[in-house]
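Computed from heavy atoms alone, side chains included, the values below leave out hydrogens, waters and symmetry copies.
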Amino acid sequence: MVDRPKVVVVGAGFGGVQVARSLLGAPVDVTIIDRQNYTTFQPLLYQVATSGLPAADVAYPVRGMFPRQDNVRFRYGTVVGVDWDARLVQLDGQEPLAFDHLVLAAGAGARWFGVPGAAEWAFPLYTLDEASHLRNHIVQQFEAAEVVPERIDDGVLTFVVVGGGPTGVETAGALSELVTKVFRSDYPDLDVARARVVLVEAQDSVLTALHPKSQAAAVQGLEERGVELRLGESVAEVSRSSVKLSGGEVLPAHTVVWCAGVSPNPLAETLGLPTGRGGRVTVSPDLSVVDRPGAWAIGDVAAVPDKDGMPLPQVAPVAMQSGRHVGRQIARLVTGRGTQRFRYKDKGTMATIGRRDAVADLPGGLHLTGTIGWLSWLALHLLYLSGVRNRVSVLLNWGWAYVTWDRPRLILRPQRR
Ligand SMILES: Cc1cc2nc3c(=O)[nH]c(=O)nc-3n(C[C@H](O)[C@H](O)[C@H](O)COP(=O)(O)OP(=O)(O)OC[C@H]3O[C@@H](n4cnc5c(N)ncnc54)[C@H](O)[C@@H]3O)c2cc1C
């Protein structure tokens, strides 16, 4: 039997899954590796964190994702290195895996910008564990305040969201609705009106990558929901129970949600791949890694270039399109054809602020706000979710929450820090 070329994909996120899918029918054997046995729909993690959705709605088991693709296998494990001479991927506690093509699709994590105390005390929002941990923590703050209401003065009900990009805006808006619409009736003996949601953004507006009209609509939507905006300020220091702003003001706060920056997975450097500004892997126009034959990098971990060679933003459409592109290039190479350059199709940007309120900048200069923006946001997120079961479940959960304001606000794994 002739051995077929082996493709190993590191990471079963938005990008990695597309690499494997686009190799359907190609004469290769694909192994997709992930340190979790599920793929995570990161754009809805904030809903898990703010009790909008149960955790299982935004994750899908990787083994169930390729039912009709017999050239794909999944390996549950953590990649710790690569022997480039022997062409072996090294896994933590497992035998190495041989490869002919290696696709790095390992995503990103939080960037702390060297802010003292941030990595130690702020809550990042990249994994399901982190989102669940944050939800537990938020609900626990209200339980703690009910037992000792004086702790409100100490910041137990002050929630500081750092970063006014889509994730920060969505988190702040959802948190504010959780407090005012759900916790106000959950805790009738507590002065919930004293809870604060503060959004800190270093620039003079939120959603600065969007059109000024969308920015203004987002600011208005957040203010209407009672979110305190601290624009033009940054966080200078975080401690267990406070946040110091760049202007010197200290906010007592037991919860700091860090939505401020993206740092490519350090695996890129561990593997000795060339990296550029911000630590993203340097790739050629066809997305192969510069000076590493057989290696490719996609999604958040890579500096995926636009038509002018400038790095594209670290968002889901870039990860998915770059993943599909690399799968097709590998299929071309193994069938004796040359590679093509990557061309990105911009699908627009959107962010939800709360119930019946979202902003969307779509191709062709179309700007949607309010209910229409929100409906398009709902439709798009449902469309891109993995698995019919998840889509049905999310739709039911959203519908139920819309009618009743009921939320899955469970403390599932009480954790003390
Ligand atoms: C909270 C949040 C909200 C977002 N909202 C939006 C949005 O609204 N719209 C949008 O377009 N984009 C959004 N994004 C960005 C989008 O989710 C990312 O751009 C996208 O997930 C990147 O895809 P990826 O395949 O590069 O990485 P990921 O989807 O992060 O997948 C990486 C995978 O690699 C695995 N992995 C990492 N290291 C290892 C290792 N050593 N061994 C094995 N496996 C490993 C991880 O477990 C993970 O499954 C959001 C991101 C976050 C965090």
Side-chain angles (χ1 to χ4, degrees), residues 46 49-50 110-125 130 133-134 137-142 144-146 148-180 183-184 190-209 212 215-263 351 353-354 417:
Y46 84 93
T50 56
R111 182 180 293 275
W112 305 106
F113 300 107
V115 173
E120 198 180 355
W121 295 111
F123 289 81
L125 202 47
E130 289 166 354
H133 180 39
L134 177 55
H137 173 83
I138 291 167
V139 186
Q140 279 178 311
Q141 300 315 293
F142 283 84
E146 174 153 279
V148 188
E150 293 73 33
R151 296 190 68 196
I152 300 178
D153 297 325
D154 182 36
V156 76
L157 294 188
T158 299
F159 303 89
V160 177
V161 179
V162 186
T167 307
V169 165
E170 292 181 337
T171 305
L175 250 174
S176 184
E177 286 190 343
L178 178 69
V179 172
T180 53
F183 287 160
R184 199 164 273 179
L190 190 63
D191 190 3
V192 171
R194 293 182 63 207
R196 298 169 68 190
V197 178
V198 183
L199 178 62
V200 183
E201 164 55 50
Q203 300 200 53
D204 288 335
S205 185
V206 297
L207 302 179
T208 49
Q215 294 177 26
V219 166
Q220 189 186 342
L222 288 169
E223 285 177 340
E224 281 169 6
R225 284 169 178 78
V227 175
E228 295 174 41
L229 293 176
R230 298 301 179 94
L231 303 177
E233 290 196 76
S234 54
V235 168
E237 196 174 337
V238 181
S239 78
R240 188 182 194 284
S241 56
S242 71
V243 174
K244 187 175 178 190
L245 300 182
S246 47
E249 185 186 355
V250 177
L251 298 172
H254 287 223
T255 312
V256 179
V257 189
W258 200 262
C259 307
V262 182
S263 186
I353 296 129
R417 296 198 300 173

Side chain proximity check, Arg111 to Val262, heavy atoms < 4.5 angstrom: no
Close side-chain approach of Val161 and Cys259, heavy atoms under 4.5 Å: yes
Heavy-atom nearest pair, Val250 first then Lys244, reads CG2-CG, 4.0 Å
Quick one: does Leu190's side chain get under 4.5 Å of Phe183's, heavy atoms only? no
Gap between atom CD of Gln215 and atom CD of Gln220 - 0.5 Å precision: 14.0 Å
If every non-hydrogen atom of Thr255 is compared with every non-hydrogen atom of His137, which pair is closest and at what distance? OG1-NE2, 2.9 Å
Could you tell me whether a side-chain N or O of His133 sits under 3.5 Å from a main-chain N or O of Pro124, the two making a donor and an acceptor? no
Could you tell me whether the side chain of Ser176 reaches within less than 4.5 Å of the side chain of Phe159, counting heavy atoms only? no
Any side-chain to backbone donor/acceptor pair from Gln203 onto Ser205? Under 3.5 Å, distance only. no
Any Thr158 side-chain heavy atom under 4.5 Å of Val160 side chain: yes
Could you give the distance from CZ (Arg240) to CD (Glu120), rounded to the nearest 0.5 Å? 10.5 Å
Could you list the residues that satisfy side-chain contact (heavy atoms from CB on, under 4.5 Å) with Glu249, not counting sequence neighbours? Arg230, Leu245, Leu251
Evaluate side chain to side chain contact (heavy atoms under 4.5 Å, CB included) for Val243 paired with Val200, printing each intermediate quantity in order. CA-CA 10 Å; Val243 174; Val200 183; 5.7 Å; no
Decide yes or no for Tyr46 and Leu175: does some side-chain heavy atom of the first lie under 4.5 Å from some side-chain heavy atom of the second? no
Taking all non-hydrogen atoms of both residues, which atom of Glu170 and which atom of Ala351 are closest, and how far apart? OE2-CA, 3.3 Å
Do you know the tightest heavy-atom contact between Ile353 and Ala217? CD1-O, 4.4 Å
Which heavy atom of Glu233 sits nearest a heavy atom of Gly247, and at what distance? OE1-N, 4.1 Å
For a quick test of reading the model, state the closest non-hydrogen atom pair linking Leu222 to Ala172 and the distance between them. CD2-CB, 4.4 Å
Step by step, work out the side chain to side chain contact (heavy atoms under 4.5 Å, CB included) result for Val235 and Phe113. CA-CA 10 Å; Val235 168; Phe113 300 107; over 6 Å; no
Test side chain to side chain contact (heavy atoms under 4.5 Å, CB included) on Leu157 and Phe142 and set out the steps. CA-CA 7 Å; Leu157 294 188; Phe142 283 84; 3.8 Å; yes
With a 4.5 Å cut-off on side-chain heavy atoms, are Arg196 and Val179 touching? no
Looking only at side-chain N and O atoms, does Ser242 offer a donor or acceptor that is under 3.5 Å from a partner on Ser239? yes
